[in-house]
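In what follows, a structure is listed as structure tokens, so that the remarks can point back to it.
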Amino acid sequence: MTRTTMLIPATLIAATLALSACTDSTEDTPAASIPATTTSTPATGSAAATQNEDTHGGQGGHDGMDHPADGGPVPEGMAQATDPTYPVGTEVTLTADHIEGMNGATATIVGAYDTYTYAIDYTPTDGNNPVLDHKWVVQEELEGVGDDRLDDGTEVTVTAEHMPGMRGTTATIASSTDETVYVVDFEADGMTMTNHKWVVESEIQPAS
């Protein structure tokens with residue numbers, strides 16, 4: 001009897017120790033075993049700019065969302081064309097593709113000017129990708145160049161801000177024309193563009 005009575009407390013002690021060990025194992029589970037949450041950050045800057053430029057092949061095109069809906073006034077001192085093929089108020093059809101949806105759009109002439117007009121290559125000041133054959137800037141949007149027509153390859157400073165990062169950049173003249181240059185209002189892909197600068201005469205046809 002005495003031997004049996006002494007075994008009972010020993011059994012109880014062993015069971016208590018086993019339960020305590022289980023409890024400690026649960027509390028020591030490392031926090032690192034909980035899955036982490038990943039947050040995606042959208043790409044910005046030059047990557048987004050590349051996508052917009054690729055839409056137009058990176059040559060002379062502007063994405064409609066980058067171009068202001070209202071182009072604003074023309075530079076001071078511009079000479080109005082005395083006898084333009086398309087007078088102010090004329091409805092025309094555009095054949096240029098400066099902006100998505102522009103080619104084939106019906107437009108209204110709001111200004112016609114005699115000047116030299118240039119296509120330029122430049123790197124935007126905001127860090128976006130280089131732009132090739134941007135059409136167009138006029139003589140009056142180039143800093144300190146005088147009145148004479150500039151040769152291809154001439155480096156100039158641009159004072160216009162047709163696109164983000166254009167104003168103040170150093171550009172290279174890619175080509176030029178002395179055609180009458182126009183300011184137009186038109187609608188493209190549901191967006192109304194007013195005072196759009198610029199469209200040269202060879203990029204316009206009579207409205208059908």
Side-chain angles (χ1 to χ4, degrees), residues 53 56-64 66-122 130-163 166-167 169-188 192-208:
E53 290 169 5
H56 302 279
Q59 296 185 352
H62 330 281
D63 188 274
D66 286 342
H67 205 283
D70 187 346
V74 300
E76 292 182 5
M78 291 198 68
Q80 294 188 23
T82 55
D83 188 24
T85 303
Y86 304 104
V88 171
T90 304
E91 279 202 353
V92 296
T93 299
L94 303 178
T95 61
D97 60 353
H98 304 170
I99 297 174
E100 190 170 357
M102 186 180 195
N103 191 1
T106 299
T108 301
I109 302 294
V110 296
Y113 299 90
D114 287 331
T115 187
Y116 297 120
T117 306
Y118 301 92
I120 57 172
D121 300 338
Y122 72 98
V131 177
L132 301 179
D133 202 33
H134 171 87
K135 297 177 180 176
W136 303 92
V137 296
V138 295
Q139 187 94 1
E140 292 78 4
E141 294 174 320
L142 304 177
E143 187 176 279
V145 296
D147 299 326
D148 294 336
R149 186 171 182 170
L150 303 175
D151 294 332
D152 294 357
T154 302
E155 287 195 350
V156 294
T157 299
V158 181
T159 61
E161 184 75 353
H162 301 171
M163 300 284 287
M166 176 180 277
R167 181 180 289 123
T169 190
T170 298
T172 301
I173 302 297
S175 63
S176 64
T177 178
D178 60 359
E179 299 173 63
T180 301
V181 64
Y182 296 87
V183 180
V184 296
D185 292 346
F186 68 99
E187 186 171 311
T192 299
M193 310 294 289
T194 57
N195 298 310
H196 174 77
K197 302 189 292 292
W198 304 92
V199 182
V200 297
E201 190 157 304
S202 58
E203 297 174 320
I204 297 174
Q205 293 180 350
S208 54

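Below, all heavy atoms of this structure are taken into account, side chains as well, without hydrogens, waters or symmetry copies.
Aromatic ring pairs are classed by plane angle as parallel below 30°, tilted from 30° to 60° and perpendicular above 60°; the pair His196 and His98 is tilted.
For Arg167, there are no side-chain hydrogen bond (donor to acceptor under 3.5 Å, both in side chains) partners two or more places apart in sequence or in a different chain. Residues passing the side chain to side chain contact (heavy atoms under 4.5 Å, CB included) test with Glu187 are Thr192, sequence neighbours excluded. By the side-chain hydrogen bond (donor to acceptor under 3.5 Å, both in side chains) test, Thr177 is found to be paired with Glu179, residues two or more places apart in sequence or in another chain being considered.
The backbone N or O of Glu203 sits less than 3.5 Å from a side-chain atom of Thr95, completing a donor-acceptor pair. Under a 3.5 Å cut-off, the side chain of Asp152 and the backbone N or O of Ile173 do not form any donor-acceptor pair.
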For residues 76-87, which side-chain N or O atoms pair as donor and acceptor with protein atoms under 3.5 Å away, sequence neighbours left out?
unit_1: Thr85; atom_1: OG1; unit_2: Glu201; atom_2: OE1; d: 3.4
unit_1: Thr85; atom_1: OG1; unit_2: Glu201; atom_2: OE2; d: 2.8

Cut-off 3.5 Å, no hydrogens considered: what does the side-chain donor-acceptor table look like for residues 139-151, sequence neighbours left out?
unit_1: Gln139; atom_1: OE1; unit_2: Tyr118; atom_2: OH; d: 2.4
unit_1: Gln139; atom_1: NE2; unit_2: Gly146; atom_2: O; d: 3.0
unit_1: Gln139; atom_1: NE2; unit_2: Asp148; atom_2: O; d: 2.8
unit_1: Glu140; atom_1: OE1; unit_2: Thr115; atom_2: OG1; d: 2.9
unit_1: Glu140; atom_1: OE2; unit_2: Thr115; atom_2: OG1; d: 3.2
unit_1: Glu141; atom_1: OE1; unit_2: Val138; atom_2: N; d: 3.0
unit_1: Glu141; atom_1: OE1; unit_2: Trp198; atom_2: NE1; d: 3.1
unit_1: Glu141; atom_1: OE2; unit_2: His162; atom_2: NE2; d: 2.9
unit_1: Glu141; atom_1: OE2; unit_2: Trp198; atom_2: NE1; d: 3.4
unit_1: Arg149; atom_1: NE; unit_2: Ser176; atom_2: OG; d: 3.0
unit_1: Arg149; atom_1: NH2; unit_2: Ser176; atom_2: O; d: 3.1
unit_1: Arg149; atom_1: NH2; unit_2: Ser176; atom_2: OG; d: 3.2

For residues 106-113, tabulate all N or O donor-acceptor pairs below 3.5 Å that involve a side-chain atom, not counting sequence neighbours.
none

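Taking CE of Met193 as the reference point, atom CG of Asp70 lies at 9.0 Å (rounded to 0.5 Å). The CG atom of Asp133 sits 6.5 Å away from the CG atom of Asp121 when rounded to the nearest 0.5 Å. Note that CG of Asp185 is 5.5 Å distant from OG1 of Thr194, once rounded to the nearest 0.5 Å.
Among Val181, Val199, Asp178, the single residue meeting the side-chain contact (heavy atoms from CB on, under 4.5 Å) criterion with Thr117 is Val181.
No side-chain heavy atom of Thr154 sits under 4.5 Å from any side-chain heavy atom of Thr172. Contact annotation: the side chain of Ile99 approaches that of Phe186 to within less than 4.5 Å [non-hydrogen atoms, C-beta and beyond].
Nearest heavy-atom pair across Met166 and Val158 is CG-CG1, 3.6 Å. Across Tyr122 and Thr170, no two heavy atoms sit closer than the pair CB-O, 4.0 Å.
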